[in-house]
K.L.:
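Here it is, the structure in full.
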Amino acid sequence: SSGINAEWPLRPGLMEINGLYFTPNTNHYLVGTEEIIRRIQDSTLSVKNLVTDDYFHSFTKPKINDKFEEHSVGEGPSLAGIFEDDKHLQTLINNTNDTIEKAFELAWKYAESFEPFRQY
C-alpha cells in the first residue's frame, strides 16, 4: 500500500450510534502528508549529481588557454544533508502538520453541535 488514500478530502463519515466520525482521520492525513514529502525528497535525491557529469565540465572544470582549471567544486552539495539541515523546510512541514491537527480539532467542535440531534 502506498499510504496515500483516494479519500483525501475531509468528509464527515456516517453518524453512528456512538457519534459522528471523519474519514480519513487525523493520523491518516498526517501519514499521507509525510508520505508525499518523502516521495518528493526521494524524487529529488534520485537525480544524478550533475557536478560530476562530463557534459557540465565546461562549467565545473573550465578549459582556459588550453589548460583545464582545477576542479574546485568537488562532488557538489549533499542534497540529503540539505534536506536534514533545511530549517525552512522543517518549519513548513511542522506548520502543515499543526494546521491539519487544528483543522480536525475545528471539525470535531463543529461535529459536537450535532450531538443533540444524535441523542434525539
Side-chain angles (χ1 to χ4, degrees):
S1 173
S2 69
I4 298 176
N5 190 329
E7 295 187 58
W8 262 81
L10 177 62
R11 291 183 267 198
L14 300 174
M15 188 169 295
E16 293 186 343
I17 293 171
N18 295 333
L20 188 64
Y21 68 93
F22 293 96
T23 183
N25 62 26
T26 308
N27 188 52
H28 198 107
Y29 255 83
L30 293 173
V31 168
T33 302
E34 183 179 294
E35 175 73 11
I36 290 169
I37 292 167
R38 187 192 58 77
R39 286 183 182 195
I40 291 169
Q41 289 178 337
D42 289 348
S43 293
T44 303
L45 293 172
S46 72
V47 175
K48 180 184 170 209
N49 185 348
L50 300 178
V51 172
T52 58
D53 191 320
D54 291 342
Y55 182 81
F56 293 98
H57 276 185
S58 60
F59 302 105
T60 61
K61 190 175 179 183
K63 187 175 183 181
I64 299 173
N65 296 327
D66 289 327
K67 288 176 28 184
F68 283 105
E69 293 294 312
E70 195 173 315
H71 193 85
S72 61
V73 294
E75 295 297 313
S78 164
L79 291 179
I82 290 173
F83 282 144
E84 288 177 20
D85 295 339
D86 188 344
K87 303 240 184 284
H88 178 69
L89 176 62
Q90 296 307 317
T91 299
L92 184 62
I93 291 168
N94 291 335
N95 287 347
T96 301
N97 291 341
D98 290 346
T99 301
I100 290 170
E101 289 173 357
K102 286 176 186 172
F104 270 93
E105 286 173 21
L106 290 172
W108 278 112
K109 283 184 181 182
Y110 178 69
E112 287 173 3
S113 69
F114 293 103
E115 185 63 17
F117 298 106
R118 186 191 66 79
Q119 290 179 356
Y120 178 68

K.L.:
Transitive ILVMFWY cluster of Ile37 at side-chain heavy atoms under 4.5 Å: who else is in it?
P.N.:
Leu45, Leu79, Ile82, Phe83, Leu89, Ile93
K.L.:
Hydrophobic clusters join Ile, Leu, Val, Met, Phe, Trp and Tyr when side-chain heavy atoms are under 4.5 Å apart, directly or via other members; which others share one with Val47?
P.N.:
none
K.L.:
Atom CG of Asp86 and atom CD of Gln90: how far apart are they, to the nearest 0.5 Å?
P.N.:
7.0 Å
K.L.:
With Asp42, which residues qualify under side chain to side chain donor-acceptor pair (under 3.5 Å), at least two apart?
P.N.:
Arg38
K.L.:
To the nearest 0.5 Å, what is the distance between CD (Glu84) and CD (Gln41)?
P.N.:
9.0 Å
K.L.:
Determine all donor-acceptor pairs shorter than 3.5 Å in which one atom belongs to a side chain in residues 97-109; sequence neighbours excluded.
P.N.:
unit_1	atom_1	unit_2	atom_2	d
Thr99	OG1	Asn95	O	2.8

